[in-house]
Amino acid sequence: MAGEKPSVELCKGVNGLDKVVLRDARGSSAEVYLFGGHVTSWRTDHREELLFVSNKAIFKPPKAIRGGIPICFPQFSSHGNLEQHGFARNKFWSIDTDPPPFPSDSSSKTFVDLILKPTDDDFKIWPHSYEFRLRVALGLGGDLMLTSRIRNTNADGKPFSFTFAYHTYFSVSDISELRVEGLETLDYLDNLKERERFTEQGDAITFESGVDKIYLSTPTKIAIIDHEKKRTFVLRKDGLPDAVVWNPWDRKAKAMPDFGDDEYKHMLCVEAAAIEKPITLKPGEEWKGRLELSAVPSSYCSGQLDPRKVLQG
Ligand code: TA6
């Protein structure tokens, strides 16, 4: 409820899994599970859910939760010899009680710090020592910010490289009515065509069939325009040069046990990522990848929000 005190509450979620609920004074909220460091809810101050989570999502570790914002680390998709999308989304994270100071630009008062460190077993899969700190914050106006800080703590002097994505599932009214602005004329790798490289046409992206594309070196802002809901999601990213756009469409939807047959109509993944050029860290070095999501009322006719102005603003 608006006017309530901002709060950060550790409580039980589905199947008794630990989750943290963030609420800001205006009534916006977000939920993040310690399993996977996985954001599963982001609501407006009118309690409207902005993220898609499948009705068939399985909350049973180690299976990743279908929806919300899974974190792909240290490998995006099958770009390497680890399991699909790496292991961070299949691990239990802890609450970081002693995070290093956060860059001064963080205005949010409502946040939680999580941390993931490798166990001895993990070394057999990925022989590196690291500290992955994730801050999930609710900003002014109900924006959602995720900041990842990954540090190489190898004692053997070895560097390591990784690819990364915030695999965000946006909740949308109708995929066939959606437009994505900010990726026009960019090169992309098409995962539906053996990752062949193409160049996107000059107009906003719309959807008539399944898509699985990795856009390379994109602008830092991307707009997802949902006419029916008169809403635009503005995605701002920092340290994440690439962006993945994914919708499984009907056939793939039917093939996924934790995804409803028709749910593809009401979701779109637009993922801030670092894929084309893996990030390499020497011992002691730290990488930061930041995602900021805003949901703003929009309507072409009211001219309240012209995506071009958003992307240029
Ligand atoms: O990000 C797009 C993608 O890599 C697709 O190829 C598709 O596999 C999707 O991720 C979902 O992956 P998941 O492992 O969660 O089923």
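Nothing here was measured: the structure is a model prediction, and the numbers come from that model. Whatever order the structure lists them in is the order used to number ligands and atoms, beginning at 1.
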Need the ligand 1 atom indices (1-based, order shown) with element for anything under 4.0 Å from a heavy-atom of [X].
| X | result |
| --- | --- |
| D212 | 2 (C), 5 (C), 6 (O) |
| F76 | 1 (O), 4 (O) |
| V244 | 1 (O) |
| Q84 | 8 (O), 12 (O), 13 (P), 14 (O) |
| S77 | 4 (O) |
| E271 | 1 (O), 2 (C) |

Quiz item: Please state which protein non-hydrogen atom is closest to atom 13 (P) of ligand 1 and give its distance, to 0.1 Å?
Solution: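 Going by distance alone, atom 13 (P) of ligand 1 is nearest to R66 NH1, 3.7 Å.
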Self-check item: Nearest protein heavy atom with distance in Å, relative to atom 3 (C) of ligand 1
Solution: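 Result for atom 3 (C) of ligand 1: H85 NE2, 3.8 Å.
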Exercise. Show your working on ring-ring contact (aromatic ring centres under 6.0 Å, His included) between F162 and W287 and close with a plain yes or no.
Key: CA-CA 11 Å; F162 61 92; W287 167 84; 5.5 Å; yes
Practice problem: Scan V172, L50, I224, I225 and name whichever one has a side-chain contact (heavy atoms from CB on, under 4.5 Å) with R231. | Solution: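 For R231, the side-chain contact (heavy atoms from CB on, under 4.5 Å) check succeeds only for L50.
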Self-check item: Heavy-atom donor-acceptor pair, E184 side chain to L186 backbone, under 3.5 Å
Solution: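 No: the side chain of E184 does not pair with the backbone of L186.
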Quiz item: What is the ring orientation for Y130 with F160, classed by angle as parallel under 30°, tilted 30 to 60°, or perpendicular over 60°?
Solution: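 Perpendicular.
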Quiz item: Which class fits the ring pair Y188 and Y215: parallel under 30°, tilted 30 to 60°, perpendicular over 60°?
Solution: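 It falls in the tilted class, 30° to 60°.
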Practice problem: Any chance you could measure T40, atom OG1, to F35, atom CZ, to the nearest 0.5 Å? | Solution: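 Output value for this atom pair is 12.0 Å.
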Quiz item: If you measure from NE2 on H167 to CH2 on W246, what distance do you get to the nearest 0.5 Å?
Solution: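 Separation between the atoms: 5.5 Å.
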Quiz item: Is there a nitrogen or oxygen of N191 sitting under 3.5 Å from a nitrogen or oxygen of ligand 1?
Solution: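 No, since none of the N or O atoms of N191 sits under 3.5 Å from an N or O of ligand 1.
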Quiz item: Taking both backbone and side-chain atoms of R89, is any N or O found less than 3.5 Å from an N or O belonging to ligand 1?
Solution: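 Yes.
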